[in-house]
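Order of the sequence lines sets the chain letters (A, B, ...), proteins ahead of strands, with each chain counted from 1. Not measured: the values here are computed from a predicted model.
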Amino acid sequence: MPSKFDPLSTEKEILKFWEQNKIYEKLKEYNSKFEKKFLFIDGPPYPSSPIPHIGTVWNKVIKDCILRYERLAGFRTYDQPGYDTHGLPIEVAIEKQLGIQKKSDIIEKIGVDNFVNKCKEFALNNASSLTANFKNIGIFMDWNNPYMTLHNDYISNSWMLIKKAYERGLLYKGVHVLHWCPRCETTLADYEVSEYKEIEDPSIYVKFKVKGSENRYLVIWTTTPWTLPANVFVMINKDYEYAEVEVNNEILIMAKDRVSDVMKEAGIKNYKIVRTFKGVELVGLQYIHPLADIVTAQKGLDNYHIVVDAGEEVTLTEGTGLVHSAPGHGDIDFEIGKKIGAPVVMLVNDRGEFLPEAGKYVGKNVRSAAEEIINDLKQRNALLHSGKVVHRYPVCWRCKTPLILRAIEQWFIGVSKLKEELLKEIDNVKWVPDWGKTRIGNMVREIRDWVISRQRFWGTPLPIWICKNCGNIIVIGSRDELEKVAITKVPEDLHRPWIDKVVVRCNKCGGEAHRVPDVADVWFDSGVAFFASLGKDWEKKWKEIGPVDLVLEGHDQLRGWFFSLLRAGVILLDRAPYNAVLVHGFMLDEQGREMHKSLGNYVEPSQVTENEKYGRDVLRLWLLRNTTWEDAKFSWKALDQTKRDLNIIWNVYVFASTYMNLDNFDPRIYNLDNLKQYLRIEDLWLLSRYNRVVKEVKESMNDFKVHELANKMTSFIIDDISRFYLRLVRKRAWNESNDPDKIAMYYVLYEVLKGSLVLLSPVIPFTTERIYQDFVVDKKDSVSMESLPEVKEEFINDKIEKEFELSKEIAEAGLNARAKAGIKLRWPIKNAYVFLVSDIDVEMANNVKEVIKFLLNTKDVEIGGIEGYRRFSKIKATPNRGTIGPDFKRLTNKIVEYIENNSEKVASDIIAKGYHEVVIEGEPVQIKVNHVNILEETEEGYISARFNKGVVVLKKEISKEEEEEGIVRDIIRRIQFMRKQLNVQINDYILLYIKAPEERTEMLKKWTDYIKSETRAKEVIIGEVKGDLILPWEIEDEEYIIGVSKS
RNA sequence: GGGCCCGUAGCUUAGCUUGGUAGAGCGCCCGGCUGAUAACCGGGAGGUCGCGGGUUCAAGUCCCGCCGGGCCCA
């Protein structure tokens, strides 16, 4: 493998390798033989744009990581991607393309068939482009076989849900007040009302004259004057306090607490509250509608124009405490009106224009008519005040037109009846994280019936036929079923307009039944994915491979897709269709804002993946390291760091590969049992660490915690292997012979690195594939065909890991002491002293004495109890809370304080007798050695560094012998540098010439053998200036001239 | 108005399910080219873990309230 890490060219190479060697196809074939199954259903993205958002890339990379991991884990993995291809996003895009302004133009000018075909083409093109982008970042899914909601098999399968709902008595056509887009001319469900805009609307106070009075008026407030022609009654809260307010000889009735605000807003300064009373007095009061003479629909409504108690639906935060109600244009109005038997007056057509029943306003757009309505009110002395208000108003999620509310007849599935079943089912699902369950639970408690019909073209046609003769409803569950009852040809394409022409024979009267014209809600399309995507014979397939093992999407899908899947699963199968849900966060910009092209903060994935500084795996690793369910902020700095980490990982494999290849090491001819006796303690430590990490990672992945996989594996390779183990074992690789000591090290390293490669392959598949092809000798076609490494519990050794942790802590303190004393690490010292508080720590440190010596670069190390520090120090005691707490409970803080205030006395008693006695709050207390840490201050001539388990002491002064060896090591270092400059290979010999200061010449002659062996020199000639490369070096203020030649 | 999430060193964050003396990277200060890698390695300083209560011998971690920020519903 190349020694230099170059992600961009590596990744292109691997993309080609995968393509040319059909790696995915081979993997699929290989994987299909596994016994256990893992069914994954892809949440279908909208192919509305060919370039994916980084957040979408994160989504795909998480999915890819999990799928790759499940394959390694031995699961037969169902990995079909999906695309959501119907609905308003596509329709609006095509309308724009074709310059269509209104729905009727589609029918009259373009033709529905033509329109539908263009929608289809658009969706397929974008899907194709997205697919290429996903493949490019290494997403191993079945891209030749995506499910698409526009496929006829998918549509045919999906009909079964509606039929099942019908059979269960859940399907109905009914009237509800729903949001309506007058431009798109379709209803929208609540969950599609996701966009709001700041909109200016009229804010008017209107007087409704009390019937039978001369000058008494109910005052109502509205920002939707267009709903006044449809007014049926007025709502109050009977428990509120109301007032009669005298203004210009008129009595205005409103809530007492609203009087001053209303007067202020209306600019009325002269008014008087003449009476206050409970709202109950108003109930049943009749009023006269101010526009009755010009609104046809108001005829016959006199008896309904009364004041009604609506309880807490009426608030005092704004308005007057009297609420004008138009059941045809308001949700709450509708529900209250149903209770009291009031008629539903709905005066607006699909385009947002008034119907003839609106009388004077017929044909006018509801928003445009506001001014005229306000004028008419004024002329009738019914307008108290007219102003403007800017408020957040819902707009169409695709075309941004302000929505209106209309009571309209639509097709519903009565899911509110299934509330208890839904709540029970979410308990049976694993939610990662837990709060996903709490959230969706709250949604279920507030669930409303599912409006599944839409008045558009490009969608799944509702499979509902109604007999023209007798009105019988026929619900069809599949294409096969339709063919059996159709008396006309069933077209290949089940879309509108062709499906509209299919006539069905009525099974009741023999008459002709025609399809209702509606198409289905897009959440219907995605909600049926778990079975509709299985193709023909979905029921048989479901029995084989259902239920879904995992669905995985952003947290917005709790209310969206996860919810629609859940509803569909319970309706169709009486169960949640999935076993587990993983929720991921959103990708934000560096400031925490959402990324949008219009905001100029949008980063395209290719800015990372095609950047020679980074690459695909850098992006993948960084994405996966973020905590999956939390929103993440994009960060170039974090990508820099990730690149560095990947480089270190690469170098670990370069090191291992280089030396193993040099020695022709073949792991297949050895086994661990034979090599066990040659293992050093650091080998055992690495095996312990490795098996522990493998175990932890497997546990993490049981919960699909991919960020823990990514973080633990990279940390293990970088911290444990690169920064620690390789430093310890490097010298073992230099040995020329096939020494078992070296082979043992190679064997352990190979096993660990190979297993690590496999575990990392779901995270960084490009890099691991490249390394795998060079590093692994017993290899398969691809790293992705490997199996997860086994956990060998017998190697997990708490004791060794603690010993090595201790050695690190000792080394850290020792290096600190060196730095304080100004002693370079390269200079060997004769002695270091380590004093530890705990006898157990002393024993452990002695077990890793050789490691400590190496790490400190000392010839010897004296390890002992903390009392040994007395030779160098004065002593003190500090409290150890971890042991005081359990022993003394509530006295703990007092004892801690006592020890701190009597440090030396406590310390000396403990040293002398093993304990210190004191009375605290009347209780005798015996402080023992394990209750404290004994620390001491260092004498002159020595330098120490404390750490929480003890102290490391070094002699400040360097001896002559130590100095000589230090200089030799400095010389050796320069020689290594020059070898590199000459491009001398690791196993090549050199000739060496060294000219030293006169007083060093004799000294150097004593060290020539040492220098030879350390630098791989054939000869060392002292005193001559010669060589292919000659450089002067200044070492300890003296000049040395070193010459190097290849031999 | 209701629900959910987040708050740890100057910056970015791990730790929380399973309570025990708070870790990492960058930045800052001081060192180093001990034959993979200077795109590297080492040491140090720096943290009232948003605030206040509670449970506990012991709380970043569990419970309650508040403050600030974000998302969803209305």
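Across U37(B) and A22(B), the matching C1' atoms stand 31 Å from one another, rounded to whole Å. Between C72(B) and G10(B), the two C1' atoms lie 34 Å apart (nearest whole Å). Rounded to whole Å, the separation between the P atoms of C73(B) and G54(B) comes to 39 Å.
A sub-4.0 Å separation between OP1 or OP2 of A14(B) and a side-chain N or O of T627(A) is present. The phosphate of C41(B) (OP1 or OP2) has a side-chain N or O of R723(A) nearer than 4.0 angstrom. Phosphate proximity of A36(B) to Y659(A): present, with a side-chain N or O under 4.0 Å from OP1 or OP2.
Nearest to the side-chain atoms of R727(A) among the listed nucleotides U34(B), C4(B), U13(B) stands U34(B). Picking from C4(B), C26(B), A36(B) the nucleotide with the shortest atom distance to the side chain of K637(A) gives C26(B). Side-chain proximity of R439(A) to the nucleotides C4(B), C40(B), A39(B) is greatest for C4(B).
Tested against F665(A) for a ring-ring contact (aromatic ring centres under 6.0 Å, His included), the candidates Y659(A), Y746(A), F775(A) yield a single pass: Y746(A).
Because its NZ or CZ atom is not both nearer than 6.0 Å to the ring centre of F724(A) and within 45° of the ring axis, R727(A) does not count as a cation-pi partner of that residue.
A residue-by-residue look at N711(A) and E812(A) shows that N711(A) has its nearest nucleotide of RNA chain B further toward the 5' end. Heavy-atom distances to RNA chain B give each of N816(A) and V654(A) a nearest nucleotide, and the one nearer the 5′ end belongs to V654(A).
Considering all non-hydrogen atoms of both residues, I336(A) and A310(A) come closest at CD1-CB, 4.2 Å. Residues L619(A) and L639(A) come closest through the heavy atom pair CA-CD2, 4.2 Å.
Below 30°, between 30° and 60°, or above 60°: for W636(A) and F634(A) the angle between ring planes is above 60°, a perpendicular geometry. Using the six-membered ring where Trp is involved, F562(A) and W431(A) have ring planes that are perpendicular, over 60° apart on the 30 and 60° scheme.
Helical stems of RNA chain B (runs of at least 3 Watson-Crick or G-U pairs, donor-acceptor distances under 3.5 Å) are listed by first residue: B:1-7 with B:67-73, B:10-13 with B:23-26, B:28-32 with B:40-44, B:50-54 with B:62-66.
Put simply, the side chain of S807(A) gets close to the backbone of F804(A): a donor and an acceptor are under 3.5 Å apart.
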Exercise. Quick one: what's the B/S/- string for nucleotides 54-64 of chain B, heavy-atom cutoff under 4.0 Å, read 5' to 3'?
Worked result: ---B-------
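Between W650(A) and P2(A), the closest side-chain pair of non-hydrogen atoms falls below 4.5 Å.
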For this session: Applying side-chain contact (heavy atoms from CB on, under 4.5 Å), run through V583(A) and E630(A) and close with a yes or a no.
Result: CA-CA 9 Å; V583(A) 180; E630(A) 295 187 9; over 6 Å; no
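Between R448(A) atom CZ and C73(B) atom C1' there is a gap of 11 Å when expressed in whole angstrom units.
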